[in-house]
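The block underneath contains the structure these notes are about, expressed in structure tokens.
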Amino acid sequence: MKLLYHAQIYTLDTSKPVASVIAIDHGEIVAVGGDELLSEFDRAEKQNIGGRVILPGLTDAHLHLQHYALSLEKIDCETDTREECLRRVTERVQKAKPGEWILGHGWNQNVWGGWPSAADLDQIAPNHPVYLTAKSLHAAWTNSAAMKLANITSSTPDPKDGQIQRDAKGEPTGILFENAMQLVGDIVPAPTIEELAHAIQKAQSILWKMGLTGVHDFDRRDCFMALQKLHADGKLKLRVTKNIPVELLDQAFELGLRTGFGDNWLRIGSVKVFMDGALGPRTAAMFQPYLNEPENRGTLNMDGEQLFELGRHAADVGLGMTVHAIGDRANHEVLNAYEQLRAYEKKKGLPALRHRIEHVQVLHLDDVARLAKLDVISSMQPIHATSDMLMADKYWGERSRLAYAWRTQLDAGAHLAFGSDAPVESPNPFWGIHAAVTRRRADGSPNPDGWHPEQRLTIREAIEGYTTGAAYAAYAENRAGKLAEGYLADLIVLERDPFTCDPEEMKDLQLSATMIDGDWVWQS
Ligand SMILES: [Zn+2]
């Protein structure tokens with residue numbers, strides 16, 4: 001038994017919001033209180049926290065664990081110069097096995113003052129295929145060895161919606177755009193489950209340092225297999241809610257798989273569906289056209305009726321829905337489907353499942369209160385607001401007033417769950433909390449009040465998005481998200497008090513330790 005004392009504990013439990021001592025046994029919290037616990041549990045191993053702050057462990061409610069883990073293995077190509085990037089590639093090539101693929105991500109030709117070429121890479125990697133994706137993910141830089149394996153020659157035609165960059169003589173330069181990237185991307189060998197498990201294990205220790213003790217994962221089968229392997233080996237030390245792709249709904253139905261199946265480490269979440277595209281490529285489905293593109297309203301993958309049919313099938317076997325919706329039209333269709341689904345659940349005497357919308361990026365005014373009314377979880381990523389604000393203003397104009405509108409959602413009574421969509425953004429939850437509270441980027445832009453400052457949250461509300469909110473979204477509110485008797489002993493120790501520090505300092509908040517299941521998994 002462990003007793004943590006002399007701590008400033010914010011429990012997020014409204015019946016006992018602050019405490020100074022917490023008793024832990026067998027991975028569970030057995031008591032939360034004051035110094036009286038010191039004598040009550042006098043035989044426990046006592047640890048002085050030195051007056052520092054303890055919060056419940058944080059959960060990222062939308063992340064791609066496999067992609068994040070693999071992104072960490074890639075060469076970081078986000079360098080100021082092409083030379084520095086080439087130096088990093090050289091370093092990797094020297095350590096690589098013969099013929100092994102060299103992968104990287106993050107370069108930007110605008111920063112480098114021009115496009116790089118296959119010839120640059122051929123000098124340092126004549127025998128290893130190299131595939132480096134641009135930060136934008138709309139281009140890739142590859143070498144001759146990779147192009148040879150992909151059979152790309154001067155006579156290869158450009159694929160649909162893609163382009164092979166060519167020199168004056170018509171020879172491929174090594175730069176591939178959009179769908180042409182797949183010519184090489186598709187032949188990069190997939191990691192084995194073993195390799196993936198190893199990568200995820202490394203990633204989880206990085207997540208601990210950021211204060212995360214749980215994630216809701218949106219990757220697929222290989223990720224699930226790797227997680228099960230880690231779990232079987234006793235190496236999974238992260239609470240994972242595993243969502244499943246809609247393409248496998250029939251198989252899940254046949255199997256009789258339900259939301260909530262699993263244990264405290266790994267559980268089945270909901271069925272993931274994509275309703276539309278994204279803001280950047282202007283494929284998010286909108287009621288009205290994008291600014292300066294009178295013909296473009298984005299693309300809707302299906303209508304509310306079709307989504308309802310999927311949702312009904314899932315509900316029949318006890319699986320909830322979690323639907324990606326960015327544009328106001330997409331969100332509207334999802335809400336229509338959920339309205340029907342609620343009626344269906346009622347009629348059939350089925351439980352009211354915790355259906356979710358992922359992103360909720362922009363809503364039509366008529367729809368803002370419907371998530372709360374239908375008891376739908378608003379799963380949002382605060383860092384998207386500050387990353388996307390210029391694009392949102394440019395493409396959506398006035399409509400941005402109801403974009404990334406967490407204050408509006410909270411005031412309407414919706415359940416908020418916060419995440420990062422990593423590796424799209426960093427999974428650092430304190431960067432997310434900073435964005436939710438200030439609506440400003442780390443550099444302070446766009447102004448001291450923030451972008452649409454009426455949407456700012458309090459620090460408490462933002463932290464709740466990563467704790468009680470994320471727990472509710474995972475049906476875990478009786479075991480996670482708070483520090484209370486009977487809850488899982490997942491907690492973090494902070495160097496400074498987030499409730500009294502300047503909101504601008506949230507992004508730099510330092511952790512001193514992370515505990516999962518009663519064990520310190522990381523300490524500074
Ligand atoms: Zn995602």
Side-chain angles (χ1 to χ4, degrees), residues 58-72 74 105 133 135-138 196 199-200 203 206-207 210 212 214-224 226-227 238 240-249 268-285 298-302 307 320-327 330-331 334 354-362 376-388 391-392 403-404 406 416-429 431-432 435-436 465-466 469-470 473-474:
L58 306 178
T59 291
D60 187 316
H62 187 125
L63 163 148
H64 300 261
L65 201 47
Q66 170 176 349
H67 284 100
Y68 176 63
L70 294 178
S71 77
L72 297 173
K74 288 179 187 166
H105 172 74
T133 45
K135 188 163 171 62
S136 68
L137 283 173
H138 293 286
L196 190 53
I200 291 175
I206 290 171
L207 299 177
M210 294 178 175
L212 291 166
V215 299
H216 299 181
D217 173 71
F218 285 82
D219 280 333
R220 307 163 72 101
R221 171 182 176 270
D222 287 2
C223 185
F224 191 28
L227 285 164
L238 203 59
V240 183
T241 296
K242 188 77 197 77
N243 297 294
I244 57 179
V246 71
E247 293 79 12
L248 298 178
L249 173 56
I268 293 295
S270 306
V271 177
K272 171 80 187 290
V273 181
F274 279 90
M275 207 60 179
D276 64 345
L279 168 63
R282 301 177 311 287
T283 49
T299 41
L300 197 60
N301 296 347
M302 66 182 86
L307 180 63
M321 300 296 279
T322 178
V323 183
H324 164 114
I326 304 283
N331 279 282
V334 180
R354 294 180 188 171
H355 307 297
R356 311 166 44 140
I357 301 182
E358 300 305 314
H359 314 306
V360 201
Q361 233 156 63
V362 64
V376 168
I377 287 150
S378 193
S379 170
M380 305 176 89
Q381 300 74 34
I383 197 84
H384 281 343
T386 48
S387 289
D388 295 358
M391 268 195 310
Y404 317 87
W406 33 79
L416 279 187
F418 278 161
S420 66
D421 211 2
V424 176
E425 300 284 353
S426 160
N428 189 331
W431 292 10
Y466 290 94

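Note that ligands are numbered from 1 as they come in the structure, with each ligand's atoms numbered from 1 the same way. Side chains are part of it too, since the values below use all heavy atoms of this structure and drop only hydrogens, waters and symmetry mates.
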| Residues in salt bridge (charged side-chain N to carboxylate O under 4.0 Å, His left out) contact with K242, at least two apart in sequence or another chain | D217

| message | Do E358 and H324 pair up side chain to side chain, a donor and an acceptor below 3.5 Å, judged on atom types alone? | response | no

| Just wondering, is there an N, O or S atom on H324 that's nearer than 2.8 Å to the Zn ion (ligand 1)? | no

| query | the Zn ion (ligand 1) to D421: any N/O/S contact under 2.8 Å? | reply | yes

| task | Among L238, D222, I200, find the one that has a side chain to side chain contact (heavy atoms under 4.5 Å, CB included) with L227. | result | I200

| field | Residue pair H355, I377: steps toward the side chain to side chain contact (heavy atoms under 4.5 Å, CB included) verdict | value | CA-CA 6 Å; H355 307 297; I377 287 150; over 6 Å; no

| message | Using a distance threshold of 2.8 Å, state whether an N, O or S atom of H62 lies below it from the Zn ion (ligand 1). | response | yes

